J.: 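Structure provided below as structure tokens; questions to follow.
This chain uses plain numbering: 1 for the first residue, then up along the sequence. For clarity, every value in this text was computed on a predicted model and none was experimentally measured.
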Amino acid sequence: MEDTQIILKKGLKSLADRLNLADLSQSLCFPKYFEVETIRACNAKCTMCTVNQWEGKNGRMSDSLFCKISEEMSHYSDWINSVCLSRNGEPLIDKNITDKIRILKDYGIRDVTFSTNASLLDEYKSIQLIESGLDDIRFSIDGTTKKTFESIRKGLNFEEVRENCLRFIRLRNERGQTPRIRVRMVLQKGNLHEESAWKEFWKARVSENDIVYSKAINSWGNQLPSYKTANVEKYSCTPCISPWSTMIIHFDGKVPLCGCDFNNTINLGDVNNYSIKEIWQSENFNKIREMHSSGKRNDIPLCPGCNVWDIEEKKVYKNIGE
């Protein structure tokens, strides 16, 4: 059995490789990935979502705060790999989402993306998004039939969502090849039987640069029932990539532990009061990194057994083949 220190060393080297860095210490320069929650609100109550556990008020990120965040990002546009304008909630509820995309693109951010349930994706909004410079959009569609989809995506209409996505694909194709489209199914007991038909339907309708994939359900840092106690020991000496790669910024400016920390139970900073760089290089963040790199991740609430950042897409399909 390998020594714990050897396992940790290999794990840290693997993280550096995943981030395309010669040494993991280089990651402390600035986050390479961001998830910026411009709005905390949703028009659905999906069964695998955390929406029923959200604490506090919903809200929209102020324009002044978004401008502060994006302006600082502009100084690291060559370093940042991607900015996702969604976290908790439905980003299309934010009526100014296209303005935010344009701001980031004007600042030179190379990849701007977000995930949506597509229920609000009418023709006007579709054209706005396509013309905004958006690089990538992810549609969450968890069923092939009305019965399955609406049993999971509670509050949404199956026919409406499917038509919205198909229209977006058509409008995008008429105008070029961006944004790239990803159609995603979160696999769970209620839709496993439809995975094959779902794949064939969407694979036939996207372009060769688009992606259709399914992904295993996760436990949101063991906060939802899909938690597996067997993973606690399995991942105890596996450092997570998130503390070295990704900063989550909630609508109110708070920076939580990671994307699983939807209620900000571990607050690492507040971009209202500090810069992104100051928070990223802070004692709070470095303490989390030290615990992960020394085999003490299980002492951090939400971390024991969590593998959300290492769940592989069950299958990835491109239109040009598998």
J.: With rounding to the nearest 0.5 angstrom, report the OG1 to CZ distance, Thr113 to Arg138.
T.: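 Rounded to the nearest 0.5 Å, the OG1-CZ separation comes to 4.0 Å.
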J.: About how many Å separate CG of Asp136 and OG of Ser82, when rounded to the nearest 0.5 Å?
T.: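 Answer rounded to 0.5 Å: 7.0 Å.
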J.: Would you say the side-chain atoms of Thr148 and Asn191 include a donor-acceptor pair closer than 3.5 Å?
T.: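 Note: Thr148 and Asn191 side chains miss the donor-acceptor criterion.
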J.: Between Ser86 and Glu35, do the side chains contain an N or O donor and an N or O acceptor separated by less than 3.5 Å?
T.: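 No donor-acceptor contact under 3.5 Å links the two side chains.
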J.: Between the side chains of Asn43 and Ser119, does any donor sit under 3.5 Å from an acceptor?
T.: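 Yes.
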J.: Going by atom types only, do Ser282 and Asn284 share a side-chain donor-acceptor pair under 3.5 Å?
T.: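 Distance-only check fails for Ser282 and Asn284.
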J.: Is there a donor-acceptor contact under 3.5 Å linking the side chains of Arg289 and Asn286?
T.: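 Distance-only check passes for Arg289 and Asn286.
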J.: Who pairs with Glu37 by salt bridge (charged side-chain N to carboxylate O under 4.0 Å, His left out), at least two apart in sequence or on another chain?
T.: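 So Glu37 forms a salt bridge (charged side-chain N to carboxylate O under 4.0 Å, His left out) with Arg40.
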J.: Minimum heavy-atom separation for Met48 and Gln188, please, with both atom names.
T.: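 It is SD-NE2, 3.8 Å.
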J.: Classify the angle between the aromatic ring planes of Phe168 and Phe139 as parallel (below 30°), tilted (30 to 60°) or perpendicular (above 60°).
T.: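 Perpendicular, since the angle between the ring planes exceeds 60°.
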J.: Starting from the C-alpha separation in whole Å, work towards a yes-or-no answer on salt bridge (Lys or Arg N to Asp or Glu O under 4.0 Å) for Arg167 and Asp122.
T.: CA-CA 9 Å; Arg167 181 178 55 237; Asp122 59 24; 5.9 Å; no
J.: Can a side-chain donor-acceptor contact be found between Asn272 and Asp270 if the only test is distance below 3.5 angstrom?
T.: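 The criterion, which ignores hydrogens and geometry beyond distance, is satisfied for Asn272 and Asp270.
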J.: Side chain of Trp198, backbone of Ile141: donor and acceptor closer than 3.5 Å?
T.: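 Yes: the side chain of Trp198 pairs with the backbone of Ile141.
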J.: Verify the distance criterion only: is there a donor paired with an acceptor across the side chains of Ser132 and Arg102 at less than 3.5 Å?
T.: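 There is no such pair between these side chains.
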J.: Drop me the distance from Asn164's CG to Ile169's CD1, to the nearest 0.5 angstrom.
T.: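 Atom-to-atom, Asn164:CG and Ile169:CD1 are 11.0 Å apart.
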J.: Would you please say whether a donor-acceptor pair under 3.5 Å links the side chains of Ser207 and Asn209?
T.: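 Checked: Ser207/Asn209 side chains show no N/O donor-acceptor pair below 3.5 Å.
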J.: State yes or no: are the ring centers of Phe30 and Trp79 separated by less than 6.0 Å?
T.: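 Ring-ring flag for Phe30/Trp79: false, centres at least 6.0 Å apart.
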J.: Could you list the donor-acceptor pairs under 3.5 angstrom formed between side-chain atoms of residues 242-258 and any protein atom two or more places apart in sequence or on another chain?
T.:
from, atom 1, to, atom 2, distance (Å)
Ser245, OG, Ile241, O, 3.0
Asp252, OD1, Lys254, N, 3.2

J.: Test Lys154 against Glu150 for salt bridge (Lys or Arg N to Asp or Glu O under 4.0 Å), laying out the working first.
T.: CA-CA 5 Å; Lys154 293 185 180 296; Glu150 293 184 4; over 6 Å; no
J.: Are the side chains of Leu21 and Ser27 in contact, using a 4.5 Å heavy-atom criterion?
T.: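 Of all side-chain heavy-atom pairs linking Leu21 with Ser27, at least one is under 4.5 Å.
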J.: Evaluate the criterion salt bridge (Lys or Arg N to Asp or Glu O under 4.0 Å) for residue pair Lys146 and Glu159; output intermediate values, then yes/no.
T.: CA-CA 7 Å; Lys146 182 179 180 70; Glu159 292 86 0; 2.9 Å; yes
J.: Take Arg60 and Asp94 through the salt bridge (Lys or Arg N to Asp or Glu O under 4.0 Å) test and state the conclusion after the steps.
T.: CA-CA 7 Å; Arg60 174 181 172 275; Asp94 180 357; 3.4 Å; yes
